[in-house]
Chemist: 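This is the structure I have questions about; it appears just below.
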Amino acid sequence: MTIIQKTVLGLGFVLVLAAIGIWIFASHNGSNPKTVNATSTGRTSVDETVVRGEGDVIDAVVTYSDGKFDPATLGPIAPGSTVQFVNEGDTNMWVASNVHPEHTELLGFDALTSIEPGDSYEYTFEKVGTWHYHNHLNPSQTGTIEVTQL
Ligand SMILES: [Cu+2]
């Protein structure tokens, strides 16, 4: 092989690798169309927290473990967004709207029962507002959901 043949072969190889890389990158990016970049909110780096309502699918997830809800403040999310509260801790949780113990800030936002580790509670936020909640079993553990017209 001449040096020119080797160079052409090498360049061809690099181009094929680049094409494969671009294809993988593009197909990965297109895999979750409802995810919107949330970094501009400054509240969280979790992309899934800026979402649009899509009916009965899970639009965002809040996890509970070690006595904390994560993210502590979720949003903004659009009206109609369903949030799943997942108990990843080793004690029960009971998600309920403030104010303890009446839970009247957002009527209906109340698991009405104790959620065991590994189980979850889902609630669809229809009303615009900043909704505070707590663990009814330990009211000092709190979180916030921000529902805004996006
Ligand atoms: Cu309560």
Side-chain angles (χ1 to χ4, degrees), residues 11-150:
L11 280 175
F13 186 64
V14 167
L15 279 175
V16 168
L17 278 185
I20 291 170
I22 289 167
W23 178 76
I24 289 170
F25 183 73
S27 59
H28 177 74
N29 264 7
S31 64
N32 193 358
K34 67 179 178 167
T35 298
V36 179
N37 191 347
T39 51
S40 62
T41 65
R43 290 190 193 84
T44 173
S45 61
V46 180
D47 283 355
E48 284 77 13
T49 56
V50 175
V51 291
R52 295 175 190 280
E54 292 182 1
D56 52 18
V57 300
I58 303 299
D59 295 301
V61 174
V62 173
T63 60
Y64 173 78
S65 65
D66 297 327
K68 293 192 185 81
F69 293 100
D70 181 33
T73 296
L74 173 73
I77 59 172
S81 297
T82 298
V83 178
Q84 183 181 43
F85 298 83
V86 183
N87 187 351
E88 293 185 352
D90 46 21
T91 58
N92 286 6
M93 70 168 189
W94 177 325
V95 174
S97 165
N98 280 12
V99 175
H100 182 76
E102 289 85 9
H103 306 166
T104 48
E105 185 180 282
L106 181 58
L107 284 175
F109 177 30
D110 187 336
L112 297 174
T113 187
S114 199
I115 310 292
E116 293 182 5
D119 286 349
S120 63
Y121 165 65
E122 289 165 23
Y123 182 76
T124 301
F125 289 84
E126 302 288 359
K127 283 180 78 177
V128 166
T130 299
W131 307 113
H132 304 95
Y133 64 94
H134 59 278
N135 177 7
H136 185 58
L137 305 173
N138 193 337
S140 66
Q141 300 167 356
T142 61
T144 303
I145 309 288
E146 295 183 356
V147 184
T148 315
Q149 285 292 353
L150 298 178

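As the structure lists them, so they are numbered: ligands from 1, and atoms in each ligand from 1. All values reported here derive from a predicted model rather than from experimental measurement.
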Chemist: Have a look around the Cu ion (ligand 1) and list protein N/O/S atoms under 2.8 Å, or say none.
Modeler: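 Near the Cu ion (ligand 1), the protein supplies H100 ND1, H103 NE2, H134 NE2, H136 ND1.
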Chemist: Which of parallel (below 30°), tilted (30 to 60°) and perpendicular (above 60°) describes F85 and F69?
Modeler: perpendicular
Chemist: Side chains of S120 and Q84 only: does a donor on one sit below 3.5 Å from an acceptor on the other?
Modeler: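 The criterion, which ignores hydrogens and geometry beyond distance, is satisfied for Q84 and S120.
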Chemist: Using 0.5 Å steps for rounding, measure from the OH atom of Y64 to the CG atom of N92.
Modeler: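 Here the interatomic distance stands at 9.0 Å.
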Chemist: Under the criterion side-chain hydrogen bond (donor to acceptor under 3.5 Å, both in side chains), which of D110, T113, N87 is the partner of W94?
Modeler: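 It is D110; the other options fail the test.
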Chemist: For H100 and H103, take the angle between the two ring planes, folded into 0 to 90°, and tell me which bin it lands in: parallel under 30, tilted 30 to 60, perpendicular over 60.
Modeler: tilted
Chemist: Would a 4.5 Å heavy-atom cut-off, applied to side chains only, mark H132 and T142 as touching?
Modeler: no
